[in-house]
Amino acid sequence: MNKLILIGNGFDLAHGLKTKYNDFILWYLNNALSSLTDRVIYEDKLLKIKSNNTFKFIPIINSIKEFRSFISDYGVICLYKFPFLRDVISAGKDYGWVDIESEYYSALIKIFKKLEIKNLDKDPNTDKELQDLNTCFDLIKEKLEEYLSTIDGNQKIDKEISEQFSNILRPLSSAEDIADRRQMLFLNFNYTSTVELYIKNSLNNCRINYIHGKLNDENNPIIFGYGDEMDAYYSKIERLNDNNFLNHFKSFGYFKTNNYQNFSGFINSEKFAVYIMGHSCGLSDRILLNSIFEHPNCMWIEIYYYQKDEVKNDFFEKTQEISRHFTVTGKSNMRNMIVPFPNCVPLKKYKKS
């Protein structure tokens with residue numbers, strides 16, 4: 001039986017990489033504020049920050065709350081050029097990447113509803129809103145790639161963590177598997193190359209598919225957007241006959257490479273088991289995950305869960321997320337496919353700080 005390993009952001013986080021959305025946005029805001037030590041204005045395509053004076057020293061901000069406090073306490077003016085950026089920063093939530101993709105889709109739906117009220121007639125104001133939303137999302141994607149490029153391959157992985165992951169991954173590529181020519185595919189939803197550490201050093205008969213693109217690879221551009229075409233509003237949006245509404249749906253990004261076709265060939269070739277390592281299983285990947293979980297060749301789904309502390313873990317939450325990718329008729333199969341908790345292990349051992 002072949003093996004399909006879904007690699008998500010939790011895989012990088014477990015290796016100590018600062019790849020959360022909040023890590024990214026704080027990097028961006030800190031860079032903007034730090035420029036006020038030698039000028040009174042910082043400006044880029046996303047925002048403009050103005051101060052009456054330069055600062056001798058600007059402390060590192062560690063949260064959106066601290067950013068807002070700094071702006072308020074020192075009379076600094078922050079002008080957001082796009083409502084979407086203003087809203088996601090002002091919300092001050094501990095977003096994940098799937099949440100930002102969902103926020104984009106929610107903003108898209110709000111624009112569509114305005115058209116719905118007007119019987120879907122073209123409107124200059126909504127056209128401008130849509131253009132601004134898409135432009136903002138493109139610019140965030142550019143900044144994201146810039147940020148992740150400062151991380152990928154530039155941080156040393158702790159030896160203990162590396163050994164933990166080797167112990168998890170090595171048994172998945174056994175001598176028996178190699179002899180029987182069973183294949184293992186890492187479906188990497190990350191843009192980073194962390195998983196390559198184990199391919200080079202420990203594993204055989206396996207390959208990596210960067211399904212959402214790879215950093216700084218013009219032949220495999222990153223895909224950042226939404227992927228729930230099962231949502232009721234998606235079919236309504238499609239019928240608008242306005243391609244600008246579809247700019248950031250993942251399905252269209254898949255056509256830029258052979259990644260999806262190669263993945264599809266793998267799951268169609270023979271029976272496979274799924275191992276989830278750090279993937280949130282959020283709705284922004286719903287169509288892709290549904291094509292995996294409800295595929296007739298999919299035999300079981302094993303979750304490598306996140307151990308939050310000595311007692312709490314996210315296994316139960318992950319099963320709830322997975323269930324959203326099954327149709328009503330597939331729910332009964334789901335209950336037999338998910339490996340029960342006693343037979344699963346954490347992705348990373350919990351260690352007291």
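Note that this is a predicted model, so its numbers are computed, not measured.
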Exercise for the section: Please check if the side chain of Asp12 supplies one atom and the backbone of Asn190 the other of a donor-acceptor pair under 3.5 Å. Expected result: no
Handout entry: Qualifying residue, where the test is side-chain contact (heavy atoms from CB on, under 4.5 Å) with Tyr191 and the options are Asp217, Ile223, Leu148, Thr19
Key = Leu148
Practice task
For Ser269 and Asn2, work out which heavy atoms get closest and say how close.
Solution key: OG-ND2, 3.7 Å
Handout entry: Lys143 vs Leu46 side-chain heavy atoms within contact, under 4.5 Å
Key = yes
Problem - Validation row: Tyr233, Tyr105 side chains within 4.5 angstrom (heavy atoms) - result: yes
Problem - Closest heavy-atom pair and its distance - Pro296, Met299 - result: O-CE, 3.5 Å
Exercise for the section: Count the heavy atoms belonging to other residues, nucleotides or ligands that lie under 6.0 Å from NZ of Lys81, then report whether that count exceeds 12. Expected result: yes
Fill in the blank from the handout: On a heavy-atom basis, the closest approach of Cys78 and Ile49 is SG-CG1, 4.1 Å
Exercise for the section: Flag this pair as yes if the NZ/CZ of Lys214 is under 6.0 angstrom from the six-membered ring centre of Tyr210 and inside a 45 degree cone about the axis; otherwise no. Expected result: yes
Handout entry: Between Phe341 and Tyr305, ring centroids under 6.0 Å
Key = yes
Practice task
Indicate yes or no: at least one non-hydrogen side-chain atom of Phe249 is less than 4.5 angstrom from one of Ile287.
Solution key: no
Problem - Donor-acceptor under 3.5 Å (Asp44 side chain, Leu47 main chain) - result: yes
Exercise for the section: Return yes if some donor-acceptor pair links the side-chain N/O of His15 with the main-chain N/O of Leu17 below 3.5 Å, else return no. Expected result: no
Practice task
Work out which heavy atom in Val339 is nearest to a heavy atom in Trp300; give both atom names and the distance.
Solution key: CG2-CD1, 3.6 Å
Practice task
Indicate yes or no for a side-chain donor-acceptor contact from Ser193 to the backbone of Glu196 under 3.5 Å, with no hydrogens or angles considered.
Solution key: no
Problem - Spacing of Ser35 atom OG and Glu43 atom CD [to the nearest 0.5 Å] - result: 11.0 Å
Exercise for the section: Report, as yes or no, whether the 6.0 Å neighbourhood of atom NZ on Lys308 holds more than 12 heavy atoms from other residues, nucleotides or ligands. Expected result: yes
Problem - Residues Lys236 and Glu116 bridged, charged N to O under 4.0 Å - result: yes
Practice task
Find out whether Phe67 and Leu33 are in side-chain contact, i.e. whether some heavy atom of one side chain is under 4.5 Å from a heavy atom of the other.
Solution key: yes
Exercise for the section: Taking Ser72 for its side chain and Arg68 for its backbone only, find out whether a donor-acceptor pair lies under 3.5 Å. Expected result: no
Problem - Side chain proximity check, Tyr21 to Asp99, heavy atoms < 4.5 angstrom - result: no
Practice task
Decide, yes or no, whether a salt bridge links Glu101 with Lys250 under the criterion of side-chain N to carboxylate O below 4.0 Å.
Solution key: yes
Practice task
Decide, yes or no, whether a salt bridge links Glu294 with Lys331 under the criterion of side-chain N to carboxylate O below 4.0 Å.
Solution key: no
Completion exercise
Taking every heavy atom of Asp314 against every heavy atom of Tyr306, the minimum-distance pair comes out as OD1-N, 2.7 Å
Handout entry: From CA spacing to verdict: side-chain hydrogen bond (donor to acceptor under 3.5 Å, both in side chains), Tyr304, His279
Key = CA-CA 9 Å; Tyr304 286 80; His279 196 290; over 6 Å; no
Problem - Point-to-point distance, once rounded to the nearest 0.5 Å, from CD1 of Ile58 to OG of Ser51 - result: 7.5 Å
Problem - Residues, nucleotides or ligands: over 12 heavy atoms within 6.0 Å of Asp73 CG - result: yes
Handout entry: Gap separating the CG atom of Leu246 from the OH atom of Tyr226, nearest 0.5 angstrom
Key = 14.5 Å
Practice task
Kindly check if the number of other-residue, nucleotide or ligand heavy atoms within 6.0 Å of CG (Asp309) is above 12?
Solution key: yes
Practice task
Say whether, by atom type as modelled, one donor and one acceptor occur between the side chain of Ser34 and the main chain of Asn31 under 3.5 angstrom.
Solution key: yes
Exercise for the section: Please confirm whether the backbone N or O of Ile61 pairs with a side-chain atom of Asn30, one donor and one acceptor, at under 3.5 Å? Expected result: yes
Practice task
Taking the side chain as every heavy atom from C-beta outward, state whether Met277 and Leu6 have any pair of such atoms under 4.5 Å apart.
Solution key: no
Problem - Polar contact flag, side-chain donor to acceptor under 3.5 angstrom, Asn262-Tyr260 - result: no
Problem - More than 12 heavy atoms from other groups under 6.0 Å of OH on Tyr74 - result: no
Practice task
Scan Phe82, Trp97, Phe137, Phe224 and name whichever one has a ring-ring contact (aromatic ring centres under 6.0 Å, His included) with Tyr104.
Solution key: Phe137
Problem - Check ion pair Glu229-Arg286 (N to O, under 4.0 angstrom) - result: no
Handout entry: Whether Asp228 side chain and Asp231 backbone form a donor-acceptor pair below 3.5 Å
Key = yes
Handout entry: Donor-acceptor pair, side chain of Asn209 and main chain of Asn259, under 3.5 angstrom
Key = yes
Handout entry: Contact summary for Ile292 and Phe272, nearest pair of heavy atoms
Key = O-CZ, 3.8 Å
Exercise for the section: Working to the nearest 0.5 Å, report the span between CD1 of Ile211 and CG of Asn220. Expected result: 9.0 Å
Practice task
Report yes if some heavy atom in the side chain of Tyr147 is under 4.5 Å from a heavy atom in the side chain of Asp23; otherwise report no.
Solution key: yes
Handout entry: Any side-chain heavy-atom pair of Ile303 and Ile338 under 4.5 Å
Key = yes
Problem - Donor-acceptor under 3.5 Å (Glu302 side chain, Val274 main chain) - result: no
Handout entry: Reported NZ-to-CZ distance for the pair Lys3 and Phe186, which is rounded to 0.5 angstrom
Key = 10.5 Å
Handout entry: Check: Asn268/Ser264 side-chain N/O donor and acceptor closer than 3.5 Å
Key = yes
